[in-house]
Amino acid sequence: MDSTAELIAKLRKEIEDHNHRYYVLNEPLISDYEFDIMLSQLEKLEVQHPEFFDPLSPSQRVGSDLSQDFEQREHQISMLSLGNCYSKEEVSDFDQRIRRLTDQNFSYVCELKFDGVAINLSYKNKRLQHAVTRGDGVRGDDVTSNVKTIRSIPLVLSGDDIPDQFEIRGEILLPHEGFNQMNKERLQKGEASFANPRNAASGTLKMQNSSLVAKRPLDCYLYYLAGDSLPENTHLGNMMAASKWGFKVSRHIKEVNTLDELFAFLDHWELAKSDLPYEIDGVVIKVNELDIQDELGYTAKSPRWAIAYKFPADQTETVLESVDFQVGRTGAITPVANLTPVFLAGTTVKRASIHNEDQIRLLDLHYGDVVMIEKGGEIIPKIVGVKQDKRHPLAKPVQFINQCPECESDLNRIEGEAKHFCPNSTNCPPQIKGKIEHFIARKAMNIDGLGQETVELLFDQSLLKDPGDLYCLKREDLIHLPRMGEKSTDKLLESIHKSLEVPFERVLFALGIRFVGETVARKIAKALPNMQNLIESDKESLMEIEEVGERIADSLINHLSDPDNINLINRLADSGLSMESEADEALSSNILKGKSIVVSGVFHLLSRNEIKELIEKNGGRTSGSISKKTAYVVAGDNMGPSKLEKATQLGIAILTESSFLELIEYKNL
Ligand code: IVH
C-alpha cells in the first residue's frame with residue numbers, strides 16, 4: 001500500500017472511532033473543531049485521489065442531493081413481528097406456554113420496545129451492504145444511502161469473531177429533542193408538523209434526498225442478530241458482542257430468572273419511560289438461550305420465544321368545554337373537542353378529535369362533561385369515555401351542526417358514510433385553501449416555498465382563490481409579503497414554473513378529486529390519452545380502468561360535470577400544465593392500440609403481471625371486468641366460470657396464453 005492510501009485508511013478509521021465515541025458511547029475524546037479538521041483533511045485527500053473512493057468512508061455520511069427511488073430488496077431471513085400482550089396475566093400465559101413446550105432451564109432477557117422504524121442491516125466482510133426497511137417482512141425498501149448518514153451506525157466494523165456475513169436488526173428513531181426542534185422549524189416554514197417521533201423517523205427515512213436526512217438527528221438501537229455463525233449461544237451474549245463491534249445496544253437490557261424479576265422490570269419502565277430521551281411503547285421479552293429459541297420455533301407470524309408487552313395507553317380526565325366543527329379540503333366536517341388543558345404523556349392536551357356524529361351519539365357527549373382522554377400512537381388524543389355520574393343535571397347535549405361553520409351552506413351526509421360534507425367546494429374558504437395545499441404538495445405539483453401561512457395570506461388578499469391563480473402570481477404580488485423577500489419570491493416563482501413539467505398523472509392527482517389518489521391517477525393517465533378523453537368518458541368505460549370501481553367512477557363523473565371544475569382545468573391547461581399522458585417510449589408495437597383486454601386465470605409461460613405489461617407495451621390497456629368494450633380475454637387455467645360465461649355471452653374472443661403471445665409476435669421465450 002502506498003503512503004497516501006495508508007493515510008486515508010488511517011484517517012477513516014480514526015474518524016469512525018471518534019464517531020463511535022460520540023454517537024454510541026457518549027464519551028467524546030476530542031472537540032467538534034478537532035473532529036471537523038480531521039474530516040476536512042480526509043475529504044481533501046479523497047478529492048485529490050479519487051482512485052481511493054469508498055462509499056463507506058465517513059466522508060460519505062453527509063448524503064447526496066441526488067433524488068433516489070428506493071429499490072425493493074429481499075431479507076435473507078424474514079423479518080417477523082412479535083406477538084403483543086397487555087397485562088401481566090398474559091405474560092404469565094406466555095411463560096406457561098413456553099414451559100409446556102420445553103423441559104429445559106432457561107432465562108429471559110427483557111429490553112425496551114423502541115417506538116421507531118424497524119431496520120435490517122446486512123454486513124459482509126465487516127462492511128455495511130444494505131439497510132432495508134421491514135416492508136412486508138419478506139422484502140422492504142433499500143434505504144442504504146439514507147441510513148449511511150446515521151452516525152451511530154457503523155459502516156465498517158472492527159473487532160474479533162465477526163461473522164463473514166450476518167444481518168442485524170434494530171429500530172431507527174428520532175429522540176424527543178430532535179423531534180421537537182424539527183417540528184418547530186417546520187411550523188416556522190409553514191409546513192405541517194409530524195404527529196409523533198415515529199412518523200417523523202419514518203418520513204425522514206423515506207426522503208429522496210439523503211443530504212437532508214443527514215441533517216436530521218436520527219439514531220439507531222440494535223436488538224437482534226441473525227445469521228448462521230453467531231459468536232455466542234445466548235441472545236444477551238450476541239448483543240454484547242455486537243456492541244463490541246461498534247453497534248449501539250441499549251444499556252437497559254436485563255437477564256431475569258423469575259417472573260417476579262420480570263414484572264419488576266415492566267413496572268420500573270412503565271414509570272421510568274418518560275425519563276428516556278426517546279419514545280418506547282413497551283418491553284420486549286425474549287428467551288435468552290438460542291438452542292431453546294430453536295426448539296420453540298416460530299408461528300406463521302412471530303417467534304414463539306419472544307413477546308412484546310405493551311404499556312397501556314396513557315389516559316387522564318378533563319372537561320369538555322366546547323366543540324369546534326372543522327372543514328377539510330374535501331368538505332368533510334370533523335368535530336374537535338376543546339378541553340380544559342391537561343398534562344398527558346409528555347405534552348399538554350387542549351384538543352381531541354371526535355371523528356363524526358355517530359361518535360358524539362355513542363359517547364352521549366354533553367357540554368361540561370368530565371371526559372376520559374387517551375393518547376395512543378397519534379399525537380391527537382381521543383375521547384374514550386364520559387363520567388356520566390359527574391354530569392351536571394342541566395348539561396346540554398352536543399348537537400351536530402346542519403350548516404357549514406365557514407360558509408353556511410347546508411351540509412350533506414351521504415347514506416352509508418360517517419361524515420357530513422359541505423357541498424360548496426368552490427367557495428368555502430377552508431376547502432379552497434386545503435385544495436391549494438394539496439395541489440402544491442410534493443407528490444402533486446411539487447411547488448416549493450409556499451407554506452400554509454403564505455397560502456392563507458395570499459387567499460386573504462384575494463391573490464389566490466384557486467390553484468389556477470398560482471400561475472398568474474407576479475413578482476410584485478409576492479415580494480412584499482411577510483417572510484418572503486426577493487430570494488424566496490424568485491425561488492417560489494421558479495418552482496411554479498418548473499411545475500409545468502409535472503406529468504399528467506400527477507396533475508390529475510393534484511386536482512384533488514375525491515378518492516383519486518396517486519395510484520388511481522396513475523392508472524387513469526395510463527389508460528386514457530388525455531384530459532378531454534377523461535372528461536368525455538362514461539361511467540362504464542371509467543370502470544374498465546384498473547383500480548377504478550363504482551365509487552371512484554361516480555366521483556370522477558361528479559367532479560367533471562361541475563362547470564367550475566372544468567373551468568379550472570381549462571385555465572390550468574391554458575397556463576401550460578400537462579393534460580396529456582406521456583407516450584410510452586418503450587412501446588414495442590401498436591398491435592393492441594385502443595383495445596381493452598381482460599387477463600384472468602393462472603399462466604404457465606409468463607406471470608399474470610408480465611402478460612399485463614406486454615399488453616400495455618403493445619398499446620393496449622388492461623381492465624379488471626368484462627364489458628361489451630372488451631376486445632379480448634386472455635384466459636389461463638382456472639378462469640372464473642362467471643367471467644367465461646359473460647365473455648361467451650358478449651361474443652368476446654378468448655385467447656389462450658400462447659395464442660396471445662402469437663398475436664403480439666412475442667419471441668423472447
Ligand atoms: S425483536 C425476531 N426487540 O417491535 C425478533 N423488536 O412489535 C423480532 N421492536 O418489528 C424483533 N423494540 O420493529 C425486538 N427490543 C426490541 C424491539 C423490537 C422495538 C419493534 C420491531 C418489531 C416490533 C414488533
Side-chain angles (χ1 to χ4, degrees), residues 75-86 90-91 94 98 108-122 131-141 143 147 152-153 166-175 196-199 201-202 205-206 218-228 230 234-236 238-240 242-243 247-256 262 265-266 268-270 272-273 276-290 292-311 313 376-377:
H75 304 295
Q76 274 156 38
I77 302 165
S78 295
M79 278 179 91
L80 298 177
S81 71
L82 294 176
N84 286 329
C85 70
Y86 300 88
E90 285 176 282
V91 175
F94 163 76
I98 293 184
Y108 289 114
V109 172
C110 299
E111 46 195 75
L112 305 181
K113 183 170 179 339
F114 303 98
D115 195 10
V117 185
I119 194 79
N120 186 17
L121 309 174
S122 56
V132 183
T133 61
R134 180 168 183 278
D136 60 7
V138 176
R139 61 179 68 77
D141 284 331
V143 289
V147 166
S152 56
I153 293 182
F166 67 93
E167 292 183 338
I168 187 162
R169 307 213 170 138
E171 204 86 352
I172 292 181
L173 40 88
L174 191 62
N196 53 44
R198 177 171 24 85
N199 287 0
S202 138
L205 210 54
K206 296 278 173 76
L218 292 176
D219 204 348
C220 180
Y221 281 97
L222 286 310
Y223 48 60
Y224 181 62
L225 199 55
D228 287 335
L230 302 182
T234 61
H235 170 62
L236 191 58
N238 283 326
M239 295 324 295
M240 292 305 115
S243 115
F247 292 104
K248 191 162 185 169
V249 175
S250 169
R251 288 185 290 124
H252 309 303
I253 177 166
K254 187 170 195 263
E255 183 180 352
V256 297
L262 197 165
F265 190 90
L266 303 184
H268 172 76
W269 284 107
E270 192 163 338
K273 70 170 197 214
L276 289 167
Y278 45 78
E279 198 85 8
I280 62 168
D281 61 346
V283 166
V284 178
I285 304 155
K286 299 173 183 169
V287 167
N288 190 22
E289 290 74 11
L290 299 197
I292 301 188
Q293 287 189 359
D294 282 345
E295 188 185 343
L296 296 167
Y298 295 82
T299 70
K301 279 193 291 190
S302 49
R304 286 202 189 84
W305 45 263
I307 198 163
Y309 168 82
K310 296 260 212 128
F311 296 137

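Values in this document were obtained by computation on a predicted structure and should not be read as measured data. For reference, positions follow the sequence shown, starting with 1. In each ligand, atom 1 is the first atom listed, and ligand 1 is the first ligand listed.
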Any side-chain donor near an acceptor of the partner, His75 and Asn120, under 3.5 Å:
yes
Short side-chain to backbone donor-acceptor contact, Ser250 and Ile253, under 3.5 Å
no
Tell me whether Lys310 forms a cation-pi arrangement with Tyr86, defined as NZ or CZ under 6.0 Å from the six-membered ring centre and within 45 degrees of its axis.
no
Just by distance, with hydrogens left out, do Glu111 and His235 show a side-chain donor and acceptor under 3.5 Å apart?
yes
Under 3.5 Å, is there a donor-acceptor pair linking the side chains of Glu171 and Tyr223?
yes
Salt bridge (charged side-chain N to carboxylate O under 4.0 Å, His left out) filter on Glu295, not counting sequence neighbours, yields none
Residue by residue, ordered by chain and number, which ones reach under 4.0 Å of ligand 1 with a heavy atom?
Leu82, Glu111, Leu112, Lys113, Phe114, Ala118, Glu171, Tyr223, Val284, Lys286, Pro303, Trp305
